[in-house]
Amino acid sequence: MLSVKSKSRLKITTWNINSVRKRSDLIKHFIQEFSPDILLLQETKVSNELFPYYFFKDLGYSFAHYDGEKTGYNGVAILANQELEIVPKISFIKEARHLVAKTKCGIEVHNFYIPAGGDVPDIALNLKFKYKLDMLQQLTSWFKKEKHSSNKIILTGDLNVAPLEHDVWSHKQLLKVVSHTPEEVEKLIALYNSINFRDAVRKFTSDSEKLYSWWSYRAKDWQKANKGRRLDHIWVTESLYNNVTHAEISKHIRGLEGPSDHAPVSIHISI
DNA sequence: ATGGTTGGTTACCAA
């Protein structure tokens, strides 16, 4: 019997949406343009009762796995145009900051919203900073210890750390700014090394080139100032790295009317 | 060194 070997590809996007209900037009625009197969959102800022389930269903996303808080803080979601298997979230994460799902082809996709960590980069003075570092450390232990059901793992999300010198507009000026302090970077790299993740987005941009996914709302002209940071990441395990065929950060989406302060970050992966 | 903007449970808190 003849068989045709079909080659397929998966498009995956992570996006800190900063209120999913405020971004309907923006989300529609992005989906029409890029049509991700799997869309991972952070800071949905909506309780589960009020999550816009039918909004995504009408756009072709029949699968929706989401976790929100009544208070309107945090919130994460995984949307897909195909059935995914829901995997229980990591138990020590008590807030709505993490979800996992698995594709039919056996890829486990993690969606994280790591705490921002407050303003003062000192664990003795700032409990939010301690909370952030502790979570990164706990995740490192978890990934090391966990017996993973698949060696194909994708870690995505707003990790709230810009690890490389050229992940920020000024390495020197941000060394004491939460998101780029050596202490956080060290913890993030430890997580990166826990099961030998590879940076799917940097695969296509040299480490010596500036690359950002977030620009503050507070700039008078964010494009002109261009004081960005790369806080949003897509990491893949080694067995998937060769299959990553494309990566992009949709900076123009940050420039549309009523934007999130984060741009969507996406990859193509052949399966 | 300071203040700038945005979203949500709003008349403050977190980012």
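Small disclaimer: the values here were computed from a predicted structure and weren't measured. Proteins come first, then strands; the chains are lettered A, B, ... in the order of their sequence lines, and each starts at number 1.
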Would you write out the dot-bracket form of DNA chain B, 5' to 3', with Watson-Crick and G-U pairs under 3.5 Å, [ ] for crossing pairs, | for pairs to other strands and . for unpaired bases?
....((((...))))
Does A:K128 make a side-chain N or O approach to OP1 or OP2 of B:dA14 shorter than 4.0 Å?
yes
Salt bridge between A:D158 and A:R97, side-chain N to carboxylate O under 4.0 Å?
no
State plainly whether the residues A:K104 and A:E83 are in salt-bridge range, i.e. N to O under 4.0 Å.
no
With the side chain defined as heavy atoms from C-beta on, A:E43 is closest, among B:dA15, B:dA14, B:dT6, to B:dA15
Would you please name every residue forming a side chain to side chain contact (heavy atoms under 4.5 Å, CB included) with A:F55, sequence neighbours left out?
A:S24, A:I27, A:K28, A:P52, A:L59
For A:K70, report the nucleic acid contact type (base, sugar-phosphate, nothing); a contact means any heavy atom under 4.0 Å.
base
Between B:dT2 and B:dA15, how far apart are the P atoms? Round to whole Å, please.
22 Å
Taking only the side-chain heavy atoms of A:Y73 (C-beta and beyond), determine which of B:dT5, B:dA15, B:dC13 contains the nearest atom.
B:dC13
Using the P atom on both, measure B:dG3 against B:dG7 and round to a whole Å.
23 Å
So A:R229, base contact, sugar-phosphate only, or nothing? Heavy-atom distance under 4.0 Å.
nothing
Identify, with sequence neighbours excluded, every residue that meets side chain to side chain contact (heavy atoms under 4.5 Å, CB included) alongside A:H29.
A:E33, A:I253, A:L256
5'-most by nearest nucleotide on DNA chain B - A:Y217 or A:T44:
A:Y217
What residue among A:F92, A:F112, A:W142 forms ring pair (Phe, Tyr, Trp, His ring centres under 6.0 Å) with A:H98?
A:F112
Parallel, tilted or perpendicular: rings of A:Y61 and A:F56 (30°, 60°)
perpendicular
